[in-house]
2 protein chains.
Amino acid sequence: MNSFTEENYLKSIFKLSQKTDNGVSTNSIAESLETKASSVTDMIKKLSDKKLVNYKKYQGVNLTKEGKDIAVSIIRNHRLWEVFLVEKLNFKWDEVHDLAEDLEHINSKKLTNQLDAFLEYPKYDPHGDPIPDKDGNIHRHLDITLADLKTYDKGIVVGVKEHSKSYLNYLETINLVLGTEIKVNKIVDFDLSMSVEVNKKESVNISHQASKNLIIKKSN
Amino acid sequence: MNSFTEENYLKSIFKLSQKTDNGVSTNSIAESLETKASSVTDMIKKLSDKKLVNYKKYQGVNLTKEGKDIAVSIIRNHRLWEVFLVEKLNFKWDEVHDLAEDLEHINSKKLTNQLDAFLEYPKYDPHGDPIPDKDGNIHRHLDITLADLKTYDKGIVVGVKEHSKSYLNYLETINLVLGTEIKVNKIVDFDLSMSVEVNKKESVNISHQASKNLIIKKSN
DNA sequence: ATATATTTTTAGACTAATCTAAAAATAGTT
DNA sequence: AACTATTTTTAGATTAGTCTAAAAATATAT
């Protein structure tokens, strides 16, 4: 069995390794876990001894098959619990992350799979992130963001790339939840802010900062 | 915030203090947590510093108001999660203890209360143990066991006093689940074993060992 | 009441995870 | 290629929780 701490390292390494093709650097792990590089080195050695990561000094790390399987199963747990909290217990999408961060470490294949069934095999969590299936397969959607759209393009909001409470909260105040239809009316070339039509109604102004974190499925 | 370990000590002390009026002994805590007396002494000091227990050397411990509140809320969590696992995720009553042991430490009043509402405010867990309400009140039922019944007495099974897998499993094989109607046909005075009618049908033989752990609500 | 047994506490050591500060390796620059 | 800056690792210390073995306190028995 692995400790919560080890599991968090594996999850972090998994997420970071999706952004780079080479090994994941010690510093990037330290930053993502808000800890110090020296602590990371210690843990990497431990994970390496357990054959959960491949590690050569000064070269960064990569997950082994086994390490990756663990990371993915934790992410699966996390996202399933988020769905549960929102769909069944009436939490808001900006309230569920921290709780899921704890719940994800409850380690029981049966629990995970029964929860999955109970929720009727959801494909995405409340933030639009894909839920790995029982075999660890992840169907990620294309990463087109609102910022990538041109004037008069239309699409549907399918996810977010930024998960902070303040961002999610802001989106709700402008009625932007998953599934919302969106149409770009105008792009200000000075600051790249956009005037967009939400659900064929109100036209709101969205900063580049905000638009580049909204994942969109283009509808034409 | 308190660690999982501290919470487990508080829970254990709470349960032990229900059986004795004087302080809870170091050894009894050690036994119930399967640890050593010296470890218990260390932890007691820590809990005492945090004002969660009252402690005088060699005199055993008692929970303070605050310590008791924490213990009760963990028990509330535990029992609500057990209901969830059995009612919603189709677990058997002998499979849920260990998972609930982990889930109980997820610390969120909102989570607990929403879960309680989602489950429609259950009063008892799958083993018949009472679930403390939001304010920590516990309605315990009278502790009449099958072993206390006389010949021809009738009753309904409302709980168990022994939670081991093997016991729960055994009960299921003889169709004894919560809510079952029971009637005592004969008591063997040699070994106090009983011949009982289950749901007005089969007559099974139950050892004293087994009967004294079945909590019954007498029906006449 | 004194000796014996039991319980509880103390003292000191161990492990996991962390940190700071310093040393070593790598990368970047002229 | 040599110097500098950055990254990574090492060395040594710290904290929480645990343990063993020994000492101290309490309980029991004659």
Side-chain angles (χ1 to χ4, degrees), chain A residues 1-14 16-17 19-63 67 70-71 74 101-102 104-105 107, chain B residues 1-14 16-17 19-63 67 70-71 74 101-102 104-105 107:
Chain A
M1 206 39 13
N2 310 292
S3 67
F4 284 19
T5 312
E6 290 169 299
E7 291 185 349
N8 284 331
Y9 272 88
L10 292 174
K11 193 176 50 152
S12 170
I13 294 167
F14 177 79
L16 291 167
S17 65
K19 293 174 188 163
T20 54
D21 290 332
N22 352 9
V24 176
S25 75
T26 302
N27 260 355
S28 64
I29 299 170
E31 192 186 8
S32 96
L33 291 175
E34 295 180 62
T35 182
K36 296 299 154 78
S38 56
S39 308
V40 174
T41 303
D42 286 347
M43 181 54 81
I44 282 173
K45 283 180 185 164
K46 193 177 166 191
L47 295 174
S48 180
D49 289 345
K50 286 186 158 194
K51 306 224 185 298
L52 300 176
V53 301
N54 292 314
Y55 169 58
K56 262 183 284 180
K57 274 189 192 176
Y58 296 99
Q59 302 308 128
V61 284
N62 278 297
L63 294 176
I70 295 170
I74 293 166
E101 205 70 7
D102 290 338
E104 70 186 9
H105 298 290
N107 215 311
Chain B
M1 206 39 12
N2 309 293
S3 68
F4 284 19
T5 311
E6 291 169 299
E7 292 184 347
N8 284 333
Y9 272 88
L10 293 174
K11 193 176 49 150
S12 169
I13 294 167
F14 177 79
L16 291 167
S17 66
K19 294 173 189 166
T20 55
D21 291 332
N22 353 7
V24 175
S25 75
T26 303
N27 259 356
S28 65
I29 299 170
E31 191 187 8
S32 96
L33 292 174
E34 293 179 60
T35 182
K36 295 300 154 81
S38 56
S39 308
V40 174
T41 304
D42 286 346
M43 181 54 81
I44 283 173
K45 284 180 186 163
K46 193 176 166 194
L47 295 174
S48 180
D49 289 346
K50 286 185 158 193
K51 306 223 185 299
L52 300 176
V53 300
N54 292 313
Y55 170 58
K56 263 184 283 182
K57 275 189 194 174
Y58 296 98
Q59 302 307 130
V61 284
N62 278 297
L63 294 175
I70 294 170
I74 292 165
E101 205 69 7
D102 289 338
E104 70 186 8
H105 298 291
N107 216 312

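Letters A, B, ... mirror the listed sequences (proteins, then strands); counts begin at 1.
- Between B:Tyr55 and C:dT8, a side-chain N or O to OP1/OP2 separation shorter than 4.0 Å is absent.
- Between B:Asp42 atom CG and C:dT10 atom P there is a gap of 9 Å when expressed in whole angstrom units.
- Considering only side-chain N and O atoms, A:Thr35 lies under 4.0 angstrom from the phosphate OP1 or OP2 of C:dC19.
- The minimum heavy-atom distance between A:Ala71 and A:Phe14, with the atom names listed, is CB-CB, 3.6 Å.
- Between B:Lys45 and C:dT9, a side-chain N or O to OP1/OP2 separation shorter than 4.0 Å is absent.
- Checking D:dT10, C:dT18, D:dT20 against every side-chain atom of A:Tyr9, the shortest atom distance belongs to C:dT18.
- In this structure, the side chains of A:Ile29 and A:Val61 come closer than 4.5 Å at one or more pairs of heavy atoms.
- The side chain of A:Ser25 lies closest to D:dT8, out of C:dT10, D:dT8, C:dC19.
- A sub-4.0 Å separation between OP1 or OP2 of D:dT9 and a side-chain N or O of A:Thr26 is present.
- Rounded to an integer number of Å, the gap from CG of B:Asp49 to P of D:dT15 is 15 Å.
- Separating the NZ atom of A:Lys36 from the P atom of D:dT9 is a distance of 17 Å, rounded to the nearest angstrom.
- Comparing A:Glu34 and B:Gly60 by the nucleotide of DNA chain C that holds the closest heavy atom to each, the one mapping nearer the 5' end is B:Gly60.
- Considering A:Ile13, A:Val24, A:Leu33, A:Thr35 in turn, A:Thr35 is the only one that fulfils the side chain to side chain contact (heavy atoms under 4.5 Å, CB included) rule with A:Val40.
- Taking the six-membered ring where the residue is Trp, A:Phe4 and A:His105 present parallel rings, their angle staying beneath 30° rather than reaching 60°.
- Put simply, the side chain of A:Leu10 reaches to within 4.5 Å of the side chain of A:Val53, judged on heavy atoms.
- The CG-P distance, from B:Leu47 to D:dT18, rounds to 11 Å in whole Å.
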Each nucleotide of nucleotides 24-29 of chain C classed B (base within 4.0 Å of a protein heavy atom), S (only sugar-phosphate) or -, in 5' to 3' order, makes BSS---
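- A donor-acceptor contact under 3.5 angstrom links the side chains of A:Glu6 and A:Ser3, judged on distance only.
- Following rounding to the nearest Å, A:Met43 (CE) and D:dT8 (P) show an atom-to-atom distance of 17 Å.
- If you measure from atom CD of B:Glu6 to atom C1' of D:dT18, you get 14 Å, rounded to the nearest angstrom.
- Distances from the side chain of B:Ala37 to the nucleotides C:dT9, D:dA11, C:dT18 place C:dT9 closest.
- Annotation: salt bridge (charged side-chain N to carboxylate O under 4.0 Å, His left out) contacts of A:Lys36 (sequence neighbours excluded): none.
- Phosphate proximity of D:dT8 to A:Asn27: present, with a side-chain N or O under 4.0 Å from OP1 or OP2.
- Across all strands shown, A:Thr5 has heavy atoms under 4.0 Å from sugar-phosphate atoms exclusively, and none from any base.
- Residue contacts for B:Ser39: at a heavy-atom cut-off of 4.0 Å it reaches a base atom on one of the strands shown.
- A 4.5 Å side-chain heavy-atom check between A:Asp49 and A:Tyr55 finds every atom pair outside the cut-off.
- Computed from coordinates, the B:Ile44 CD1 to D:dT18 P distance equals 12 Å when rounded to whole Å.
- Contact of B:Thr41 with C:dT10 (side chain to base): no donor-acceptor pair of N or O atoms is detected under 3.5 Å.
- Look at CG on B:Asn22: it is 12 Å from P on C:dT8, rounded to the nearest Å.
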